Each structure stands twice: as C-alpha cells, then as structure tokens.
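Remarks on the structure that follows.
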Amino acid sequence: MPGKLKVKIVAGRHLPVMDRASDLTDAFVEVKFGNTTFKTDVYLKSLNPQWNSEWFKFEVDDEDLQDEPLQITVLDHDTYSANDAIGKVYIDIDPLLYSEAATVISGWFPIYDTIHGIRGEINVVVKVDLFNDLNRFRQSSCGVKFFCTTSIPKCYRAVIIHGFVEELVVNEDPEYQWIDRIRTPRASNEARQRLISLMSGELQRKIGLKVLEMRGNAVVGYLQCFDLEGESGLVVRAIGTACTLDKLSSPAALLPACNSPSKEMKESPLVHPPSHGCRSTHNSPIHTATGSRLTQNFSVSVPTLIYTGMGSGSAGKEGGPFKALLRQQTQSALEQREFPFFTLTAFPPGFLVHVGGVVSARSVKLLDRIHNPAFVGIMGNTRSYKLLDWNSFNSDEPETRDAWWAEIRQEIKSHAKALGCHAVVGYSESTSICEEVCILSASGTAAVLNPRFLQDGTVEGCLEQRLEENLPAGCGFCHIPYDELNMPFPAHLTYCYNCRKQKVPDVLFTTIDLPIDATVIGKGCLIQARLCRLKKKAQAEANATAISNLLPFMEYEVHTQLMNKLKLKGMNALFGLRIQITVGENMLMGLASATGVYLAALPTPGGIQIAGKTPNDGSYEQHISHMQKKINDTIAKNKELYEINPPDTSEEIIGSPIPEPRQRSRLLRSQSESSDEVTELDLSHGKKDAFVLEIDDTDAMEDVHSLLTDVPPPSGFYSCNTEIMPGINNWTSEIQMFTSVRVIRLSSLNLTNQALNKNFNDLCENLLKSLYFKLRSMIPCCLCHVNFTVSLPEDELIQVTVTAVAITFDKNQALQTTKTHVEKSLQRASTDNEELLQFPLELCSDSLSSHPFPPAKEHLESASSNSGIPAAQRDRCSSWIELIKLKAQTIRRGSIKTTVTVEKASPMGEGNFRNRATPPCASSTVGVVKMTPLSFIPGAKITKYLGIINMFFIRETTSLREEGGVSGFLHAFIAEVFAMVRAHVAALGGNAVVSYIMKQCVFMENPNKNQAQCLINVSGDAVVFVRESELEVVSTQQPTANCQPSCTGGEVTT
Amino acid sequence: MTSELDIFVGNTTLIDEDVYRLWLDGYSVSDAVALRVRSGILEQTGATAAVLQSDTMDHYRTFHMLERLLHAPPKLLHQLIFQIPPSRQALLIERYYAFDEAFVREVLGKKLSKGTKKDLDDISTKTGITLKSCRRQFDNFKRVFKVVEEMRGSLVDNIQQHFLLSDRLARDYAAIVFFANNRFETGKKKLQYLSFGDFAYCAELMIQNWTLGAVDSQVDDMDVDLDKEFLQDLKELKMLVADKDLLDLHKSLVCTALRGKLGVFSEMEANFKNLSRGLVNVAAKLTHNKDVRDLFVDLVEKFVEPCRSDHWPLSDVRLFLNQYSASVHSLDGFRGGSLSVGPPS
C-alpha cells in the first residue's frame, strides 16, 4: 500500500445556472478514485461556490495510482429529484509519481461535460505521498519518466539508449456494448473516456515495467494510439524508446529552488536498480504477452561483455576495417534485441553513423467480431475494465494484435538488414480502419548506429575518438551502409561531395529529422505527394484483397510524385517522410509529407525531361517543349527561392562520370495481406529512367500539370514538417500553434481517379493557402512540424486535419549565417552558443516591450486623453485593465497603498513567476501556456519536464444547428481541448506543452438528426521554460533574486 | 466539391482587427468579404476569394463565441477557453462597447426598454447603421445600465470595474446611464444641434454637482439619481426673480462686474430680467419629473435661444453665467448656493 493520494476541493467559478427559478446553482463535488468516493458539502445558491473542503485521502496501491485517473464530478443538489451532473474533470496523477516532476497539482480546471462542453471551472489541489518500498513482485513502474519528445529531452543527457518498448491492451468499446442501447449518450461517452483513461494508465505502467527490466529509467518518443475497431473492440497501443537519462546539472544550479530536499528523497530507487544478476521471470508475473518479448528483455546485459572485449583490442585499425568492426559490434549489440527500433527522430551527436533509407511495411487485416456473452456480464464491475480480467476471458485477443504487429516489425527488420543496416530509427506505427478492414503500417529509417549509447559500458577513449575522426562532420550519415558491390537495389553511387572518400547515393529519403551537424545548402521546404484511388465497395475478404492489390500501385505513385517534386525543387534529400494510407468505403487515399533539402554531400540532382510518345506530331512536339521549358523554369525559380546555389564542383576531381539524370529509389518496402505473402516492391522503375516523364496519355499529362500547380508559399513564408527548418536558425520568440480541420463533400457520384486527385490536391493546397493568409501578420515566419492527417469518415467525405506551429524569425540575422559547416554545426549543436548569439537581440527587444511600469497617474492621463483605440495603442489598452484592477484592489481593501504578493500557483513557481513578471503576462490572471509540436521553445530554455499529458475527450451534441453547425461545433470543441490541456499544464506548475500532437480527431455527423460527435486524443510534455534573456538576468543577479517579489509588489501600488 | 467544415483554431486566438470592425458594424459574412475584397487585400497578399471567405467565416465564428464573454468583460479575463493577450482583450472589450455618435444621439435619454428596441429599425434606416450594430449598441447601453443602476459609489468607477472600459468610454457610458435614468429629452428638433459630447459634458457636471453622491461622497452615494433635496432647494431661487429688489440688485451686480468685458453688454443688460427669469424658472420647476425631462429643451428655449438671437459669442455667455452665479453669493440669503451651468453652444 505505497501511496496516499490527497485531494482538496477549493472553489468553483462561472458555474452554469442549474436552477431556473433562482438563476443559481446548489453545487457539490464528488471526488472518486478507484472505488472510493468522497463528497463535499452542498454550497447553496451560488455560481461561484467556495467549498474549501478538508483533504480527502485515498490510500491506494501504486499500481492503481498509475492506472486510475482521479475523477471529480460537480453536481447540482436537488432535494426532490436526482442530482444533476454539471460536468467532470479527469486528472491524470501520473506526473506526481516520478521524482523531479511536479509535486503538486493545483489550479483551475475546466469542468467538462461531453454534451455541453466546458461549464465553469473548479479549483482543485492534489498531492501524493509515496512510500518507497522495494517490493519483489512489483507491478507498478512508478518512477519511470515518459516523454513524447522524439529526441533526448533538453535538460537530460542520455547515458544509455536501450531500445524499443511496445505494448498494447485491448478491450470492448463501451459504445458497442448492449448496455449502450439503454443508457444516455452522456453515460456512454463518460464510460468511454474513463475506460480509455484507464487503459492508457495501464499501458503506461506496463511499458514502464519493461523499461525497468531493461534497467532504463525513462521512455522517450512515447507514442500512444487508439484503434477504434468498432464492434471488435478498442485497442490502445504504444511504442517508445527506453533510455537511461541523467539530469543535466546546469539548469538546476540556476534554479536552486527546484532541488528541495524532499524531492531528493523522492528519488526513486528504481533509477539505480541493484546491479547483480538479471531479474528473474517471477519478478514480473504480469508480463506474459509474448514469449519472444521475454527474450528481448533478458538480453540487455549480455552485449556489454562482447563489446568491451573486442573494442579494446581493435583500436589501432584504420577506417575501412574499423567500419566493419564497428558494424559488427553494433550488430551484436542490437541483434540481441528482437526489434532494434528507435522511435527517436533526433539523436545525440555521434549516435547516427549511416543512414540507409526508408523502410516500411503494410499489412491488410480483417477485424474479427468478438462475441463473448460471458464477458458482458461482468462489465458492471469497474475492475473488469482491466486487461488482466479481460485477458482471462478472451485470451487470444491481444495476442492476435501482438502477432500482427510482430509480423510487420519482423518485416521492417529484414528490410533494414537488406540495406546493410541493423537498426531502424525514426520508427512509427499507424493504422487505418474502415468497417472491418484494417491497414497496419510501420515505417522507419534503416541506419547504422554508434554502439556507444546502446549499452551500459561507457566506452570512452580511443575507439570513440577514432570514430569521430573517421566520420567527417556533416556528411557521415549520408555514406552508404551497404556493400557497394552487393547493393540491395539498383542505385547510382558517387563519391561524397563533401569528403570525397566514401560513396553516397544520389537521393536520400529518411523519416528522421535533419541531423544537426548535416551540411545543408539553402533552405528546405515541405513536399507533399497526394493521391486517391477509387475502389469498388466490397465485403470482408474481397475488400481486403482489393485493398492489398491497390497498395503497391499507390506506394509506387506516391513515391514517383515525391521524387518528381523533389527534383522540381532542385533538392536531393527528404527528411521526416511520413506516408499515410487511408482506407475508405470506396477509395484509398495516400498522403506523403516530407521536408526536402539540398544536402551538400549528395550530388546535384538533374532536371526532369519530358518525352512524348508520338514524336511525329509537330504541334505535340511543340507542346512538349513548352512543358519542358516550364519545368526548367520552375526548377530555376525554386533554386533561387530556396537559395540553393551549391559550389560548382568539377566532376573531374571526383573522377566519376558525369551522373546521368537518373533517378533511383531508396525506398524499400513491401506490403502483405493476412496470408503472409511477402512481395517486395522495387520502386526503381525497372530499366526506365524515372527522370524522363513520358507523356503518353492524359494521366501522365495530369501528373505533369499537378507538378506545376503546386504554388510555393508567399514570400516570407517557409514550411517544413521537421522540427526545425533547415537553413533558418535565428528564431524569434513568437510562436503560434494551431489546428485546422477541413472536410469536403465530393459532389458527383461517378468520380474518376483524376477528378478525385484534383479535389484532394485542391483541398490540401487551399488549406495551406488559408494558413499562409491567416498567419500573414507573423511574416517572416516558418510553419514547422506541419502534420497532415487524412481520414475518410464517410462515403463522399474527405477530412484533412493539420496541426503545426508558426515561428517567426529574424530576416536580417539570417543573412549572417556562417558558411563553414564546422561553425554552423557548432552554432546549432550547442544551445549555449545560440544563446550567446541571440541574447543581445532578445535583450533589446525585451527592453522595448517591457519598459518599466509607469506610475498609475500617468496611466490615468494617458487613458483619459485617449479617444479611439487605434491599433498602435494596444499598450494603453492593456494598461487600462491594469489600472482598473489596481483601482478595484484599492477600493476593496480600502487603503491607498496595497502591496501585492506575487501569487504562486504552485510550489515550483520559479519559472512561472518569472514568466508572470514579464509585462504581457503580468496583467492577466490566467497564465499564458504555450503549446508547440516541437521539442523546444525558441528563445527559451526548458528547465523542467513535469510529465506527460495524454488526454482523450468525447464531445457530442444533439443540437448541431444551434451550436453553429459542424464548424461551430468542432471549432468550440478544439478550443475547449486546448483550454483543458493548458489548464492541466498550468496546474502542474508548467507554462508550456512541447511535442504536442493531436493523435486523433474522429468526427462524425448526422445533420438530418441534428447530431454530431467528435473524439479527440492529444498528448505532449508539460514543461517549465524560462526565457533565455531572463535566465541570463537571473544568473547574474542571483544574490539579489530575492528582492524581486517585493519589486513587483512595488509596481502595483497606486 | 463543397466545403462541409472549415475551421482554424490557434492556441493564441487570432483576432483580425479589420474583420472585428466589420463584424461589429453588423455586416454579414458575404458583405464583409465583399468589403475586404474592395480594400485590396487580395492584391496585397495574393490570396483568393475562397481563402478570404474561409478566413472571414472563421473570424466571425470566433467573435460569435467571444460575444457571450464580452457581455461580462471580467469573464473574458478569467475564462480559459480563449488564450488572448491582455492588450487584445482590452481591444476586444473597448471596441465592443464603442458606439456610434449618430446612434447614441437617437437613444440618449430614452428609456432603455423593449419599446425603444422595437424602434431600432427606424433608427437604423435613419442613421445608416446596420440593425445588427444598432442592437449591439442598444444592448450594451441596457446591460451597463442594468448592472450599475442600483450600485453605490462612483458611476464611472463602477462601470470601469464591471466592464473594464477605458476612462473615456466609461465616462461616456456614465453619461448614457445618467441620461437614461433621468430620461432627459434630447431628441427634440431644437436640440439637434447638440452633440453627444455636449450632453456628456453636462452629464458629468450634473453627476458631480447635482446627485446624491455629490452631496456626501461617503454615505449612500448614488450617482445615478438627482438629489431630491437639492432640487427642492432650487425652488428658493424663485426669490431672485420674484423679489423685484433682489432682481435689480442682482442685475446691477452682474452689470457692474461685466461692464466693458462683454461684447454684447447692452443686449445683456436689456435682456437680463428675461434671461434670469428663464433660468430660475427652469431650475425651480425641477421638482417635477416631467420638467426634469425637459431640462435641456427648456434651457435652450429660455436661455440659449435668446442669447443666440442676440449673437452672443460663447466667451460672453460663459462670462455672463459665471458672473451671474457668482454675484448671487453676495446677495443676502444666498450663501453657499449652487451652480447651474447651461449647455455650451
């Protein structure tokens, strides 16, 4: 019984009117955890109740602490009839369970109802007292940190990167239970929300257990997804990369308050488990998913011996043999693992040695219906939601899903091997479900890794140094990992244009972020391939077969499109490639997004040639040459636009023949259907030159046209789907994260592939255009991490969801980018250097906006002399509010001078407080919480990770028209989701969410019934950040830091 | 291909000032799009009409959602759904509560009731302000009125506290509330030449000097209602015109003081009795609600018009009135009397 959860309900505000007669509400609160429920008193007749309850104490297992959400229900007391629910708040207390994260959750949470949305707010304080016990049969994994960030979190250092962890749990979807026919939509939604929350908790705990067994202490790149399989159930699955992380001490030194002794005591012993022997099987009785995975866990300690043994003996060897040796060692380290996969997309310097190319696998599966009447009977008991119980009744179910994924992973692994690589990085998995057909997809980048980070033995010294000497900075990762004479696929190799020593391919596709030390010429840009294919409506197996037959063609076309667009941009590498295949009733959609760049190490791409089939026709010839000219012009224009002007390298020096304009594929993949038939697809276009576009029919014509219709973003805008834009490194601090959703209805019934393609293309292009228009005030800016998701909710509907962040940058400073890659890599690799560069700039812009608070009198005058409110006087506008508040304060307190103590929302207000001290935040009572899909915040330093945010919401309406139609409904819902995420982060004491991702946005409507429903799943990492400029100030004024609160207090006197 | 659903939600709520203005002015989405196209935004940004349409729709939806919060501005500050920087919040509130001069002149002093609301279409046609905008402005007046009507303390401060308006706008609202409460007639043809600013100026002075709050700022200070006792006391002024001696004395005092300083001295001298009688009668009648309402009409009829027909310059009027009230103090029995200032013209 190692935990005590304490909850206090403080107050409510802005509650809805529940009693029409009095226009007031008699509210009380139920606090539930597990099976225990407490209630507050009823606070009569108020919309702003002050409960100020006692501390409700729950004594619980740490297993429950991890699985269960804290459930807070606000109700309206009714003497004569049943109490009406106002809404609920689910609080995930997981962040309180690991050391150095949050210690208290305290703040205003929106009260959420699945039918009415947000209905007021409630102020709650939650604490956890954990008792340490080193128990033997541990089923909880408290202490393991989770990060959504797909790189090593900013204030940590990776000691060891252990590798892939995965888990899935399955349950019946409450929406499809028989009881759903008799319960209200609200009850059904809440059951679903609660179940998914429970399942996520359980999943996280299980993954944590695996990490502990691997002797790690954290999961990085944690990605959890839901598969709503409908009648056949609900699958929650997660993948991640187990790591051992060390907290970097430097930020802690700057923030001494964070290291309170109590927290030190909380430090879990799990971080440093007893080192003797391997954990025996009975250590983890719960962990019985698949036999194969057990071996994976056992293997961890073994490779150390091999590695150290061989490493010391071979230090003197030269480059070539050394490479082989390195590979051998890494391989031996990785071979022990079932899946040498890494969900990371950015790596510590030196980790990534070579990149092979993209590997992907897809598989079409039929979902079986589960009919298990015995199971339904027990669903009444809350505990039976759990997989453990579920398992005993439906033992084969999770195994089936596990086997499916294992199959795909195996395929990925073999592809990687074919590319001469023993690891897969930037690995991700996804599904697309339509009725009973499900496409499982996995993709990643085959790579050769440096064994240094992979195991316990910290092998410093000569080997490592040699390694770094041997790898020229900025091009090493481009060098081919496979054997030149025994290539896995036809490719055109040249000597590296950077170091001239090793061979490189002519084009490189990857799913990872651009390595920070890579030498890039010019800027990058977002490249998308979009494709639709009609398919006949069919049932079950026929349908699955039809889909499997279509998939290779889609992949081929998507690949061709990507290649052509890349050429058109004059670039030679793709990063962050993500291909999404979506299945619908009567069509398949393919959407590939990636960021194109020009890598200095790879050869200059050739142009695109157009060839006609019928050379005799004169006018046709003319047309062709006209097209050719247009294409050439576009390439030239793009080169200028993205500043691609590689130094002229004379081919003679390299001694290789001038490369023919030839296009080879780096994409190796296969798809298979349930029959396990593996067909490898060679995308190198056989003997035909992919460069030459043959216009032999209207289809090809369309293709060429669509190539040319992609309009570049307006000037001042850049876009990419990676973390940072290659070629821009002088970000300013303004960021705007957004989500945009569009649904179009396809009009005609007899659609052709071409019309479909055009519609889809227009949809995406228009969406991008809208974004550029909306964000025009931020120019010059870059849309980063642009993430498109396509779904086909109904027959004729296409839904596209985009989440991205717009970041402003300084145009002037961009001109001063250093040319030499050494400097560049230095500048970009170390944030400290960046700080030095940016600090002066930050400081002056800050001093402009943060001009000292003028005395209130001046405010009065300025306010009264101010008639209209021109835009230029926004500062004054804010000062009015300021002033009014000050006045209000003096009035209330009845004294002239009021000293306002800085309100600390949480004990770790350090970062918080400093943030509030800045003028824009000072006057707002609601602290600003930034959200970004990136792992960093420009111009700021992340000082603390507070835990993972993983939230699932359902919203339903039966008055769609009244809520502004589908747009109004979804707009409000997404705004509410943002608000709830922000509130949770603020309650944890944070001021930002990084690596934010909207994993699911399932929208269903029935306009005839005036109904709509939407499910949204979001996740991210709650963090505390400090502006770099402030950090600087604090570090220099450390001794006088204590006077700061009184200073701010002084400002607030009137 | 039709767009079924099209939304954009930012973590920081995007506010486009131009679109906000169009929305406040009561334009429909299509009108707003047309107006934006005319502003040349398409050429500036290279956007298409479809983009503009989608953008405008989006902003309108946001404003529609914000409107509920704007009805109680402190709510806008505390709500969690829209993350809006404070400067933008202030801008939203200030613009939402801003009103058109033409509109306010139409409803100033009218009862803010359903009846008046029904007349809004007439006002809309007359002023050229869209009905939607008229409704918003009217509802704003009514909302502010309802909130501060029964409240103690300074009217301006109350408004500022509950609606977070700028000082200037809060003063304007104080005038509107004051006029609405006392139902001063401002719509007569004779009063048309007066601007809202003129009335607001009067309102401010009246609030300062004629209300309960003016008498005793500590106890029971109500800025909205005129001080009944004070109005009762004004009856005493009748002496000034009823008592022939007093009238003469008063006149001579004023004339002595102003001789040579006034350009229209002779006219003033000739008219003194009429003017004084007019002013005093207006003041003395103020115990009746009906006459309170007609205060401005009466003042214009009895004082402003005679002056105007004699072509008094404004400075002379001011001098005269100051001297007129100042000399009263030196008359027996008029120590510590009050000041009455007519509207400037």
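Computed from a predicted structure; not experimentally measured. Proteins get letters first, then strands, A, B, ... in listed order; numbering begins at 1 in each.
Neither the backbone nor the side chain of A:Leu767 has a heavy atom closer than 4.5 Å to any heavy atom of chain B. Residue A:Tyr772: no heavy atom, backbone or side chain, is found under 4.5 Å from chain B. When heavy atoms are compared at a cutoff of 4.5 Å, A:His14 approaches chain B solely by way of its side chain, counted from C-beta outward. When heavy atoms are compared at a cutoff of 4.5 Å, A:Ile118 approaches chain B solely by way of its side chain, counted from C-beta outward.
Seen from the ring of B:Phe138, B:Arg135 does not count as a face-on cation partner, given the 6.0 Å and 45° thresholds.
Per-residue counts of heavy-atom pairs under 4.5 Å with chain A were compared for B:Thr48, B:Leu52, B:Asp58; the largest is that of B:Asp58. Counting heavy-atom pairs closer than 4.5 Å to chain B, the top-ranked of the candidates A:Glu121, A:Lys769, A:Glu976 is A:Glu121. Of the listed residues (B:Thr13, B:Ile7, B:Asp55), the one with the most heavy-atom contacts under 4.5 Å to chain A is B:Ile7.
A:Thr739 contributes no side-chain N or O that, together with a main-chain N or O of B:Val9, makes up a donor-acceptor pair within less than 3.5 Å.
In terms of heavy-atom proximity, B:Ala32 sits nearest to B:Thr56 at CB-CG2, 3.9 Å. Heavy atoms only, all atoms of each residue included: B:Ile93 and B:Phe163 are closest at CG2-O, 3.3 Å. Across every non-hydrogen atom of B:Leu80 and A:Arg13, the tightest pair is CD2-NH2, 4.2 Å. Smallest separation of non-hydrogen atoms from B:Ala170 and B:Ile159: O-CD1, 3.9 Å. The minimum heavy-atom distance linking B:Ser54 with A:Arg742 is given by the pair OG-NH2, 3.3 Å.
Proximity of A:Arg745 to A:Val743: side-chain heavy atoms (C-beta onward) are nowhere separated by under 4.5 Å.
Between B:Glu17 and B:Arg95 a salt bridge is recorded (basic side-chain N to carboxylate O distance below 4.0 Å).
Chain B is approached within less than 4.5 Å, heavy atom to heavy atom, by A:Leu797 from residues 797-805 of chain A, ordered by number.
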